[in-house]
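A short write-up of the structure that comes next.
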Amino acid sequence: MELLHFQAANCKNCYRCIRTCPVKAIEFKDNQAKIISDACILCTRCMKECPQNAKTVESDLTRVVRMLQAGSHIVVSLAPSFAGYAEDADAYMDHLLKVGFAEIRETAEAAVEISRQYEEEFHAKGRLITTACPVVVDYIEKYMPDWLGLLAEVDSPMMAQAKWIKRSQPEAKVVFIGPCYAKKMEAVQQPGYVDAVLTFEEAEHLSHGLSPLTLAAAAGLEPTGDIPPGYTLEKARLYPVEGGIVETTFLSGNDPASSRHRAVSGIENCHKLLSSLKDLPDGYFLELNACEGGCVNGPASGDHIHPLLKQDRILAFRKGRKMLNTPLLMEGGNMLRRRFADKSKPRTNYSNDQIRSILKKLGKECRADELNCGACGYNTCRDKAEAVLAGKAELYMCMPYAQTRAESFAHVLLEKTPNAVIAVTEQLLVKEVNAAASSFYQMEGSQLVGLPLPFLLNPDEFTLSQGEQVKKKIYFPELRKTAIVSASYVAEQQLYLVILHDLTEQEQEQEKLRSLKHETVEMAQRVIENQMRVAQEIAGLLGETTAETKVTLTRMKRLLLEE
């Protein structure tokens with residue numbers, strides 16, 4: 001089941017989701033980021049990082065509303081970090097009762113039994129890694145399977161409590177409310193126990209009066225239960241704070257290996273710790289959390305609330321609070337045992353030649369060209385090259401490469417264009433010129449830079465304007481040149497861009513053409529006149545010859561008649 005969705009968005013030159021993803025479970029094709037589901041650990045950092053809000057997590061809100069409307073007996077498993085989220089813990093719980101939830105139970109009560117089993121398994125194995133964080137568990141299964149044998153083989157508090165509720169109330173629906181989207185993944189991986197997972201904010205969106213059982217449910221479920229002697233719920237309420245699992249698990253603080261009880265938070269820090277060790281020395285108990293500072297800073301824990309304030313609220317809530325209900329009959333044993341699987345995929349090892357071929361296409365001919373700037377989302381240029389080879393990334397995602405290409409193209413375009421280009425400051429001083437401008441004015445570029453624009457363009461003929469583009473045909477008598485001069489204001493650079501399209505050769509060609517036409521017309525006129533003269537002369541000669549012939553023939557006729 002795909003829980004994290006990527007909506008179509010204008011993903012262009014951002015790559016923030018790739019950059020923030022600790023396992024690079026995102027591919028980028030056709031200007032669109034896409035999740036690689038079987039590689040994702042559902043930390044949802046990409047969702048929070050996306051500036052277009054194009055990433056969303058599957059919501060169970062509609063499902064919960066339908067259960068409430070159907071009058072189902074719904075038991076809430078409320079994560080202990082709720083006290084850090086809610087400004088008024090009592091008002092928050094009161095809201096949940098009023099919308100129709102039948103019971104509210106603190107997930108912390110299950111954490112008590114989980115910590116007891118942690119301690120038992122730790123002493124049996126001599127070393128242990130906690131498994132309360134589903135992101136850490138998924139990360140180890142998919143990316144560091146060598147550590148699977150040291151994971152505590154026990155459910156998370158959410159799953160443990162759901163199993164206990166289902167055993168005592170088979171018809172009940174269990175809804176977990178917490179700060180972690182990955183709990184949705186955990187519920188899917190062990191189906192049949194947690195019916196829905198909501199965030200604290202989603203639970204607030206539930207409307208009052210959804211269920212006809214509202215008043216009956218709220219009436220008898222006020223927090224009245226005293227904490228039984230020896231019950232460690234007060235400690236377990238610290239589970240969401242970094243170090244809270246360690247403190248709950250080793251209550252006495254006199255454990256001989258207490259100096260090796262460690263709490264590490266942040267998925268990168270967990271990776272650094274595990275990757276720096278070949279094995280975990282005896283005596284180490286590692287509390288690992290994917291979120292820095294613990295679940296109190298989970299992705300749905302309320303970013304608008306300062307982390308210190310969250311901790312203060314949790315510390316205040318845990319002291320002197322009564323239980324929301326009588327304790328569950330908690331059973332351990334095989335019921336809460338779990339197993340882990342190696343979900344890692346064989347890594348494709350690309351040859352150095354393959355990687356170098358991609359780097360060369362990016363203009364990175366040597367190590368010095370590998371800037372490792374991270375703009376593409378990958379830590380190093382070689383990581384990016386491997387992603388390209390794997391079909392997860394595109395070549396053009398490299399910002400220095402794209403910038404170099406753009407600058408190179410712009411430079412070539414500027415230098416190769418036959419038009420004279422002049423950059424002019426707002427003070428009408430020449431800031432930069434291209435080679436064509438030097439050729440037009442028959443001066444070196446260094447001589448032109450710094451000159452006042454009126455030295456090059458007569459202000460009576462051409463005036464710059466910020467509001468509109470100016471275009472005019474101008475003759476330069478001192479240069480004996482003609483040009484179409486256009487200018488526009490570039491606000492981003494606070495410069496005028498003046499372009500001169502030299503028409504001199506074109507004008508000269510046109511003048512030659514006009515002269516040729518004139519000469520042709522005159523020649524044609526002379527030919528016509530000559531032809532007329534010749535025709536007239538021929539006509540005259542023909543006329544004389546005809547007359548003589550007539551006379552001769554008449555004489556011949558007369559002689560013949562006389563004979």
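This structure is a prediction, so every number in the text was calculated from the model and none was measured.
K24 places a side-chain N or O within 3.5 Å of a backbone atom of I18 that can act as its donor or acceptor partner. Using modelled atom types, no side-chain atom of K173 and backbone atom of M67 make a donor-acceptor pair closer than 3.5 Å. Although no hydrogens or angles enter the test, the distance criterion places a donor-acceptor pair under 3.5 Å between the side chain of T131 and the main chain of V154. Of the possible polar contacts, one joining the S265 side chain to the G293 backbone as a donor-acceptor pair under 3.5 Å is found. Between the side chain of H123 and the main chain of Y118, no donor-acceptor pair closer than 3.5 Å is present. At least one donor-acceptor pair closer than 3.5 Å links the side chain of R19 to the backbone N or O of A375. A donor-acceptor pair under 3.5 Å is formed between the side chain of R260 and the backbone N or O of D282. At least one donor-acceptor pair closer than 3.5 Å links the side chain of T380 to the backbone N or O of D383. Panel note: side chain E171, backbone H73; no donor-acceptor pair is recorded below 3.5 Å. Judged purely by atom type and a 3.5 angstrom limit, D88 uses its side chain to pair as donor or acceptor with the backbone of A91.
A donor-acceptor pair shorter than 3.5 Å cannot be found between the side chains of S81 and S301. Neither side chain, H95 nor E204, offers a donor N or O lying under 3.5 Å from an acceptor on the other. Between the side chains of D155 and Q190, at least one donor N or O lies within less than 3.5 Å of an accepting N or O. Under the 3.5 Å distance criterion, with hydrogens and angles disregarded, no donor-acceptor pair is assigned to the side chains of H261 and E247.
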_I'd like to know whether I26 forms a side chain to side chain contact (heavy atoms under 4.5 Å, CB included) with K34, so could you lay out the CA-CA distance, the side-chain angles of the two residues, the decisive distance to 0.1 Å, and finally the verdict._
CA-CA 6 Å; I26 298 171; K34 298 178 182 178; over 6 Å; no

*From CA spacing to verdict: side chain to side chain contact (heavy atoms under 4.5 Å, CB included), L42, V135*: CA-CA 7 Å; L42 211 69; V135 176; 5.5 Å; no

*Under the side chain to side chain contact (heavy atoms under 4.5 Å, CB included) rule, what do V175 and V197 come out as? Steps first, then yes or no, please.*
CA-CA 6 Å; V175 174; V197 174; over 6 Å; no

*Please test I177 against Y85 for side chain to side chain contact (heavy atoms under 4.5 Å, CB included), starting from the C-alpha separation and ending with a verdict.*
CA-CA 12 Å; I177 301 177; Y85 174 85; over 6 Å; no

_Would E106 and R237 count as a salt bridge (charged side-chain N to carboxylate O under 4.0 Å, His left out) here? Give the steps._
CA-CA 9 Å; E106 293 184 71; R237 285 170 174 163; 2.7 Å; yes

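Contact annotation: the side chain of N269 approaches that of E292 to within less than 4.5 Å [non-hydrogen atoms, C-beta and beyond]. Under the 4.5 Å side-chain criterion, counting only non-hydrogen atoms from C-beta, L286 is not in contact with L128. At least one side-chain heavy atom of M397 sits less than 4.5 Å from a side-chain heavy atom of Y378. At a threshold of 4.5 Å between non-hydrogen side-chain atoms, the residues L359 and C381 count as touching. Between C14 and P51, some side-chain heavy-atom pair lies under the 4.5 Å cut-off. Counting only heavy atoms from C-beta outward, the side chains of L151 and I140 approach each other to under 4.5 Å. Side-chain atoms of P22 and C43, non-hydrogen and from C-beta on, do get closer than 4.5 Å to each other. Here the side chains of V76 and E103 are not in contact, with every heavy-atom distance at 4.5 Å or above.
The salt bridge (charged side-chain N to carboxylate O under 4.0 Å, His left out) check on E141 picks up K343, with sequence neighbours excluded. For R66, there are no salt bridge (charged side-chain N to carboxylate O under 4.0 Å, His left out) partners at least two apart in sequence or on another chain. Among residues two or more places apart in sequence or in another chain, the salt bridge (charged side-chain N to carboxylate O under 4.0 Å, His left out) test is passed with K142 by D138. With sequence neighbours left out, Y239 forms a ring pair (Phe, Tyr, Trp, His ring centres under 6.0 Å) with no residue at all. Looking at residues two or more places apart in sequence or on another chain, you find a salt bridge (charged side-chain N to carboxylate O under 4.0 Å, His left out) between R16 and E49.
One finds the NE2 atom of H306 at 12.0 Å from the CZ atom of R313 (value rounded to the nearest 0.5 Å). Note: E120 CD to S115 OG = 12.5 Å, rounded to the nearest 0.5 Å. Here the CG atom belonging to L288 is positioned 13.0 Å from the NE2 atom belonging to H271, to the nearest 0.5 angstrom. Interatomic distance, F176 CZ to Q161 CD, rounded to the nearest 0.5 Å: 9.0 Å. Rounding to the nearest 0.5 Å gives a distance of 7.0 Å between SG of C270 and CG of N289. Distance check, rounded to the nearest 0.5 Å: CZ of F285 to CD of E119 gives 8.5 Å.
Among pairs with a residue in residues 384-399, those fulfilling side-chain hydrogen bond (donor to acceptor under 3.5 Å, both in side chains) read N31-Y396, R347-E386, at least two apart in sequence or across chains. Within the structure, the salt bridge (charged side-chain N to carboxylate O under 4.0 Å, His left out) test picks out the following pairs touching residues 186-195 (sequence neighbours left out): K166-D195, K183-E186. Listed by first and then second residue, the salt bridge (charged side-chain N to carboxylate O under 4.0 Å, His left out) pairs that reach into residues 36-46 are D38-K345, R45-E268, sequence neighbours excluded. For residues 272-281, the pairs satisfying side-chain hydrogen bond (donor to acceptor under 3.5 Å, both in side chains) are R127-D279, with sequence neighbours left out. Pairs engaging residues 352-364 under the salt bridge (charged side-chain N to carboxylate O under 4.0 Å, His left out) rule: R356-E370 [sequence neighbours left out]. Sorted by first and then second residue, the salt bridge (charged side-chain N to carboxylate O under 4.0 Å, His left out) pairs with a member in residues 294-312 read K48-D303; sequence neighbours excluded. Applying the ring-ring contact (aromatic ring centres under 6.0 Å, His included) definition to pairs two or more places apart or across chains, those involving residues 20-60 are Y15-F28.
Closest non-hydrogen pair, Y92 versus A203, comes out as OH-CB, 3.5 Å. Nearest approach of V75 to A172, heavy atoms of both residues: CG2-CB, 4.1 Å. Counting all heavy atoms, side chain and backbone alike, V174 lies closest to A162 at CG1-CB, 4.1 Å. Closest approach of V241 to E287, counting heavy atoms only: O-OE2, 4.0 Å.
Under a 4.0 Å N-O distance rule, the pair R339/E153 qualifies as a salt bridge. Under the 4.0 Å criterion applied to side-chain N and carboxylate O atoms, R337 and E121 are assigned as salt-bridge partners.
Remark: F200 CZ is packed, more than 12 non-hydrogen atoms of other residues, nucleotides or ligands lying under 6.0 Å away.
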